[in-house]
Amino acid sequence: MSKNLIEITNLKKEYLNGDVRISVLEKVNLNIMSGKLIALVGPSGSGKSTLLHLLALLDKPTSGSIKSFGVDVQKLTNAGKNKMIRENISIIFQNNNLLSDFTALENVAIPLIIRNENYKSSIEKASEILNKVNLKHRFEHFPSDLSGGEQQRVAIARAISMKPKLILADEPTGNLDTENSSLISDILFNYVKEEGSSLIIVTHDLKLANKAK
Ligand code: ADP
């Protein structure tokens, strides 16, 4: 049975720009159950990335609460937040954020090694996942030698290698052509289906959004 993965209550987020208060999110109430595929759609500047960053624990609400995995995240220490992110959450950005001095294989393996997996099994897992995203022939390539679509597939391989229960994706196909966009959305959607994880995806692509629930 599905249960609430995230419960957002009366969420408010303001930014202070000098003396000017910018109200971005106001009275947001939302429950997200596990195993769901959710698209966040809205005009530019409406607060989609702000909400995603709050859910990724990268920022704090002005007021209101976010409960993730049954825990009120405002009550977590920094160490507690880092643990929750490490164990449960992956975020994928439009500009992939790959480490430029490391190969595709290393970019996927490093987070596993940081999570205390041994080197050999991290490399094996990273290879397996890069195969899955059709990058078998690109293991030893550096990000600068990969196309935009290939870089984003490495970023997605890195995200799913951690087996997150929640993937937050901020316009992951924003810079890509139609073919790469649909390849990437297929990889993400299949992962969510296979693992019973949840995906929250910010997108301007209505075809992609329509595949969500
Ligand atoms: P969207 O993702 O829907 O395009 P954003 O969440 O990026 O919207 O931004 C919502 C609003 O918040 C915008 O008006 C933006 O200028 C403002 N904003 C976002 N981040 C900051 C910040 N760090 N400081 C001040 N204003 C911000």
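When a ligand or atom number is given, it counts from 1 through the structure's own listing order.
Classification of Lys120 and Glu124 as a salt-bridged pair holds, one side-chain N sitting under 4.0 Å from a carboxylate O.
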Do any side-chain atoms of residues 136-147 form donor-acceptor pairs under 3.5 angstrom with protein atoms, and if so which ones, sequence neighbours left out?
{"unit_1": "Arg138", "atom_1": "NE", "unit_2": "Glu150", "atom_2": "OE2", "d": "3.2"}
{"unit_1": "Ser147", "atom_1": "OG", "unit_2": "Glu150", "atom_2": "N", "d": "3.2"}
{"unit_1": "Ser147", "atom_1": "OG", "unit_2": "Glu150", "atom_2": "OE1", "d": "3.4"}

Tabulate below the donor-acceptor pairs under 3.5 Å that side-chain atoms of residues 16-25 make, not counting sequence neighbours, or state none.
{"unit_1": "Arg21", "atom_1": "NH1", "unit_2": "Glu14", "atom_2": "OE1", "d": "3.0"}
{"unit_1": "Ser23", "atom_1": "OG", "unit_2": "Glu26", "atom_2": "OE1", "d": "3.1"}

Return a table of donor-acceptor pairs under 3.5 angstrom between the side chains of residues 153-169 and protein atoms on other chains or two or more places apart.
{"unit_1": "Arg153", "atom_1": "NH1", "unit_2": "Val133", "atom_2": "O", "d": "3.0"}
{"unit_1": "Arg153", "atom_1": "NH1", "unit_2": "Asn134", "atom_2": "O", "d": "3.3"}
{"unit_1": "Arg158", "atom_1": "NH1", "unit_2": "Asn97", "atom_2": "O", "d": "3.1"}
{"unit_1": "Arg158", "atom_1": "NH2", "unit_2": "Asn96", "atom_2": "O", "d": "2.8"}
{"unit_1": "Ser161", "atom_1": "OG", "unit_2": "Arg158", "atom_2": "O", "d": "2.8"}
{"unit_1": "Lys163", "atom_1": "NZ", "unit_2": "Glu195", "atom_2": "OE2", "d": "3.4"}
{"unit_1": "Lys165", "atom_1": "NZ", "unit_2": "Asn88", "atom_2": "OD1", "d": "3.0"}

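Protein residues with a heavy atom under 4.0 Å from ligand 1 are Tyr15, Ile22, Val24, Pro43, Ser44, Gly45, Ser46, Gly47, Lys48, Ser49, Thr50.
Asn4 places no side-chain N or O within donor-acceptor distance of the main-chain N or O of Ile6, the cut-off being under 3.5 Å.
For Lys132, the NZ atom is loosely surrounded, since the number of other residues' heavy atoms within 6.0 Å does not exceed 12.
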